[in-house]
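All remarks here apply to the structure that follows.
No experiment lies behind these values; they were computed from the predicted model shown.
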Amino acid sequence: MNAKLSQQPDTFGFNGNRTLAQTSPYQILLRAGSHLKLLKQVHAHIITTGRNHHLPLLTKLATSAISSGAILYAQKLFLRAPTVDGFLLSSLITAASKFHFPLQTVLFYRHMLARNISPTNYTYTSVIKACAQLQDPRTGRVVHCHILTNGFSLDQFVEAALVSFYAKIRELKFARKMFDEMPQKSIVSWNSMISGYEQNGFADEAIMLFAKMRELGVQFDSATLVSVLSACADTGALELGSWVHDYVKSNPISLDVVLGTALIHMYAKCGNVRKAQGVFELMDEPNVMAWTAMISGYGMHGFGKEAIDLFRLMINQGIYPNEITFVAVLSACAHAGLVQAGREAFAIMKNYGMMPGTEHHVCMVDMFGRMGLLSEAYHYIKDLFPVQPAPAVWTAMLGACKLHKNYDLGVEVADNLFAAEPDNAGHYVLLSNMYALAGQMERVEMVRNAAISKELKKPAGYSVIEIDQKAHLFSTGGMPHPESMAILQFLDELVQQIKAAGYVPVSEAIMHELEEEEKECALRYHSEKFAVAFGLLKTRQGVPIRIVKNLRICEDCHMAIKYISLVSKREICVRDKLRFHHFKDGSCSCKDFW
DNA sequence: CTAGGGTTAG
C-alpha cells in the first residue's frame, strides 16, 4: 500500500511532506476547490507572500469563489485587483454565467466594454446565456449587435446561444429564422429550438421539428429526447413517448436521472402510471425531482395512498423535499380526499424551513372544499390575513361552493374573485354560473357586460385523441373535423342509449348565458363527448379510449362519459386540466371529486 | 496556468 495515502492530509489536502511555502500557490488553489473557507485562507496566504499582484492567481481565486457561490467576494476581489486584463474579465464572465449569476455576468461584461477589452466567442456565449436567464430582451439584442459588428455571428457556439436566447424570450419565430439560416446546425442548436418550442407551449412544433430531425438523419441525443418527452407529456402523445423509451432501451443512451424523470413524467401524463412506476423503480439514484414526478403522477391519477407512501419512503431515505414536492403531495391528498394526511404533510413543511406559498394554499382550500369542509376551507382563507389570497385560492373555494351547492357563500367568494381578477376571461363561466345558481341575475349581467366591454374571450375548450399515431382535435371554436357529420350522428344515437340507461343531462337552466353561442354552434356537444364518440367509432372493442382536454371536464360530460363507459363496455381515460379520470363500468376513478 | 451552447418535477 502506498505509504503517502495513509498519511493524514492537512487543511489544504497535503501529505505533510511539503510545506505551504514550498508548494506553488496555484497548486494550493486547485486543492482548495470550491470551499470558500479554504479559498479565504489561500487568499490570506497569497497576500502575506506578496503575490496579490499576480493576476492569473487572482483569476483562479475569483472563479473558484464564484463556483462556491461567493459572488460578492469575487466582485470585491475584482474591484481591488491592482490591474485588470481580458483574461480576468472573461474568466469572471464565464464563471458568473455558469454558476447562475446572470446580473453579475452582464455587469462584468460592462466592465469589459468600459476598459475597451475585446470580448471573445467564449464571452458572448456566456453573456447571451445570462440575458436569457434574466429574460432581458433589450440587453440581449444589444449584445447580438456587438456580436454582428465584431464578426462572431458565424461561430457555432455563439449562434446556438443566440437561438436559445431568442427561444427563451419567446421570440420563437425569430429563433426559428436564425436556426433555419444557420449553414451548419449543431445538435445543440436543434435541441435549443426543440426545447424552446416545448417550453413555450408549442409541443406540436417541438414534435414536428424532431420528426424533421429524424427525416434528415440528424443524430439526436439524450437532451433532444428529454425535450421530446416533455412535448409528449404536454400533448398526451403516448405512442411517440413509448417509441422514445424503446429507443433508449435499444441504444447506448444511458438512462440517467434527467431522462428517467422525463420518462416518468411522460408516462404519468399520458395516462400510464404503472409504466411510470416501472421506470422509477429501475432508477439508480432518483433525486428529489424524480421522486416528485412519481408522487405527482400518482396524485393526478387519484392514487393518494401511493403518493403518501412514496413521500414517506422518500423522507426515510433522506431525500430532502422542496416546495414542489409538497405541492405534489398536497394535491394528491386533495384529489383523493385524504384530509388528515394532507394536514400532516402541510404541518411538516415548516420542519424543512418552508413557508407555504400560493400553490400550497390552493391545494389546502381545494382539499377541504372537495370534501365539503367549506367552513374549514373558508377559515383557512381568512387565517391567511394579512396575506391577500391569490385569485387561484378564490377559484378553488368557488369550485367547492358550487360542488356542494352553498350558493350564499358562493356569491361572496365570487365577489372576491371578480374583485381580485376582473380581467381573467377564464373565470367568467364559473362566476356567472355561480351568480345564476344563486339567482343573482343582475350580477350575471354585470359579469357579462364586463366580458363584452373588455372584449374578453374565454379560452376555447378542445379535446385531443390520438389514433394510429395521429392526433385528432375537437374544438367548439375551430375547424370542424372532416368526419363531423358521421360522428354527430353516432353521438346522437349514443346519447339516446345512455338516456335509456339512466343518464339525465345536467339542466340547461344552470348553464350560463354566455354559452348561448356555443349552443347554437353546429357542434352541439362539448369537445370531449365528440372525441369519445370518435374514439369509439375508430377503435376496436377492448381498446381503451384516451382523451386529453385543455380545460376541466364539466359535470354533464363527466356524467355522460360514466354512462358511455357502461353502455359501450369500454374503458375511457380523460386527462383534464388538473387530473385524470378513468371511466369504467359506469363509474370514475375520481369518485366524483373533480 | 483558463473557459463554451441544449435537457428533468407543479
Side-chain angles (χ1 to χ4, degrees), chain A residues 24-27 29-30 54-60 62-64 66-67 85-99 120-129 132 155-165 167-168 179 185-196 198-199 206 220-231 233 253 255-266 268-269 276 279-280 283 286-297 299-300 314 321-332 357-360 362-363 392 578:
Chain A
S24 96
Y26 195 74
Q27 288 297 313
L29 258 177
L30 283 182
H54 194 258
L55 268 186
L57 263 184
L58 289 181
T59 302
K60 183 63 191 164
T63 54
S64 296
I66 293 174
S67 73
D85 65 356
F87 175 46
L88 172 60
L89 266 168
S90 53
S91 298
L92 287 170
I93 288 169
T94 44
S97 176
K98 185 175 170 192
F99 293 100
T120 66
N121 50 355
Y122 285 86
T123 314
Y124 286 127
T125 52
S126 300
V127 179
I128 284 293
K129 188 183 170 189
D155 180 279
Q156 291 272 302
F157 289 94
V158 175
E159 270 192 310
L162 281 169
V163 169
S164 170
F165 165 73
K168 285 193 172 128
F179 174 78
K185 297 176 178 61
S186 63
I187 186 167
V188 177
S189 59
W190 281 94
N191 292 350
S192 298
M193 203 60 237
I194 291 174
S195 115
E198 192 278 321
Q199 295 280 319
F220 47 83
D221 64 7
S222 166
T224 324
L225 296 180
V226 167
S227 290
V228 170
L229 285 170
S230 291
I253 291 181
L255 211 165
D256 63 7
V257 64
V258 178
L259 194 52
T261 304
L263 278 169
I264 292 170
H265 183 220
M266 182 280 295
K269 288 207 96 178
V279 174
F280 180 73
M283 283 177 81
N287 62 9
V288 62
M289 290 191 192
W291 285 88
T292 304
M294 195 61 239
I295 291 170
S296 142
M300 67 177 92
M314 170 184 169
N322 61 24
E323 279 88 349
I324 299 172
T325 313
F326 280 100
V327 174
V329 172
L330 296 175
S331 158
T358 296
E359 299 286 334
H360 307 101
V362 172
C363 289
L578 282 188

Q. CD of A:Q199 versus C1' of B:dG10: gap in Å, rounded?
A. 13 Å
Q: Just call it for A:K168: base, sugar-phosphate, or nothing, with non-hydrogen atoms closer than 4.0 Å on any strand.
A: sugar-phosphate
Q.
With a 4.0 Å limit, can you tell me whether A:K269 has a side-chain N or O closer than that to the phosphate oxygens OP1/OP2 of B:dG10?
A. no
Q: Give a yes or no on whether a donor-acceptor pair under 3.5 Å exists between the nucleobase atoms of B:dA9, that is its base, and the side chain of A:N322.
A: yes
Q: Could you check which of B:dG10, B:dG6, B:dT8 has an atom nearest any side-chain atom of A:V226?
A: B:dT8
Q: Would you mind telling me which of B:dT7, B:dA9, B:dT2 lies closest to the side-chain atoms of A:S91?
A: B:dT2
Q. For B:dG4, does either OP1 or OP2 sit under 4.0 Å from a side-chain N or O belonging to A:K98?
A. yes
(Q) Rounded at 0.5 Å granularity, tell me how far CG in A:L225 sits from CE in A:M266. (A) 11.0 Å
(Q) If the condition is side-chain contact (heavy atoms from CB on, under 4.5 Å), which residues does A:A231 pass it with, not counting sequence neighbours? (A) A:E198, A:A203, A:A206, A:I207
Q | For atom OH of A:Y122 and atom P of B:dG5, their distance in whole Å | A | 10 Å
Q. Hey, what do you get for OG (A:S192) to CZ (A:F179), rounding to the nearest 0.5 Å?
A. 9.0 Å
Q: For A:L162 and B:dG5, give me the distance from atom CG to atom C1', rounded to whole Å.
A: 10 Å
Q. Given B:dG10, B:dA9, B:dG4, which nucleotide is nearest the side-chain atoms of A:E359?
A. B:dG10
Identify each donor-acceptor pair in which a side-chain atom of residues 92-99 of chain A lies under 3.5 Å from a protein atom, sequence neighbours left out, and give them as a table.
residue	atom	partner	partner atom	Å
A:T94	OG1	A:S90	O	2.9
A:T94	OG1	A:S91	O	3.1
A:S97	OG	A:S126	O	3.0

Q: State which of B:dA3, B:dT7, B:dG6 makes the closest approach to the side chain of A:N191.
A: B:dG6
Q: Return the value, rounded to whole Å, for the distance between atom CE of A:M266 and atom C1' of B:dA9.
A: 15 Å
Q. Looking only at atom types and distance, does a side-chain atom of A:N191 sit under 3.5 Å from a main-chain N or O of A:I194, one as donor and one as acceptor?
A. no
Q. Are A:S64 and A:S67 linked by a side-chain donor-acceptor pair shorter than 3.5 Å?
A. no
Q: Among B:dA9, B:dG5, B:dT7, find the nucleotide with the atom closest to the side chain of A:A160.
A: B:dG5
Q.
Using the side-chain heavy atoms of A:N287, tell me which of these nucleotides is nearest: B:dG4, B:dA9, B:dT8.
A. B:dT8
Q) Hey, is the main chain of A:K185 close enough, under 3.5 Å, to the side chain of A:S189 for a donor-acceptor pair? A) no
Q) Of the candidate nucleotides B:dA3, B:dG5, B:dG4, which contains the atom at the shortest distance from the side chain of A:N121? A) B:dG4
Q | Nearest-neighbour nucleotide for the A:F157 side chain, B:dT7, B:dG4, B:dT8 considered | A | B:dG4
Q) Nearest-Å distance, CG (A:L330) to P (B:dA9)? A) 19 Å
**Q.** Distance, rounded to the nearest Å, where A:F87 contributes CZ and B:dC1 contributes P
**A.** 9 Å
**Q.** Residue-phosphate contact under 4.0 Å: A:S195 side-chain N/O, B:dG6 OP1/OP2
**A.** no
Q: Look at all strands and tell whether A:V257 reaches a base, only sugar-phosphate, or nothing, counting heavy atoms closer than 4.0 Å.
A: base
Q) Between A:I93 (CD1) and B:dG5 (P), how many Å, whole number? A) 13 Å
Q. Between A:H265 and B:dA9, does any side-chain N or O lie under 4.0 Å from OP1 or OP2?
A. yes
Q. Side-chain N or O of A:Q156 less than 4.0 angstrom from OP1 or OP2 on B:dG6?
A. no
Q: Please determine if a side-chain N or O atom of A:K129 lies less than 4.0 Å away from the OP1 or OP2 oxygen of B:dG5.
A: yes
Q. So which nucleotide from B:dA9, B:dG5, B:dG6 ends up closest to the side chain of A:I187?
A. B:dG6
(Q) Categorize A:S126 for me: base, sugar-phosphate, or nothing, with a 4.0 angstrom heavy-atom threshold over every strand shown. (A) nothing
Q: Please confirm whether any donor atom in the side chain of A:S192 sits under 3.5 Å from an acceptor in the base of B:dG5, or the reverse.
A: no
Q. Can you check the A:L57 CG to B:dT2 P distance for me, whole Å?
A. 13 Å
Q: For the side chain of A:S164, starting at C-beta, report the closest nucleotide among B:dT8, B:dC1, B:dG6.
A: B:dG6
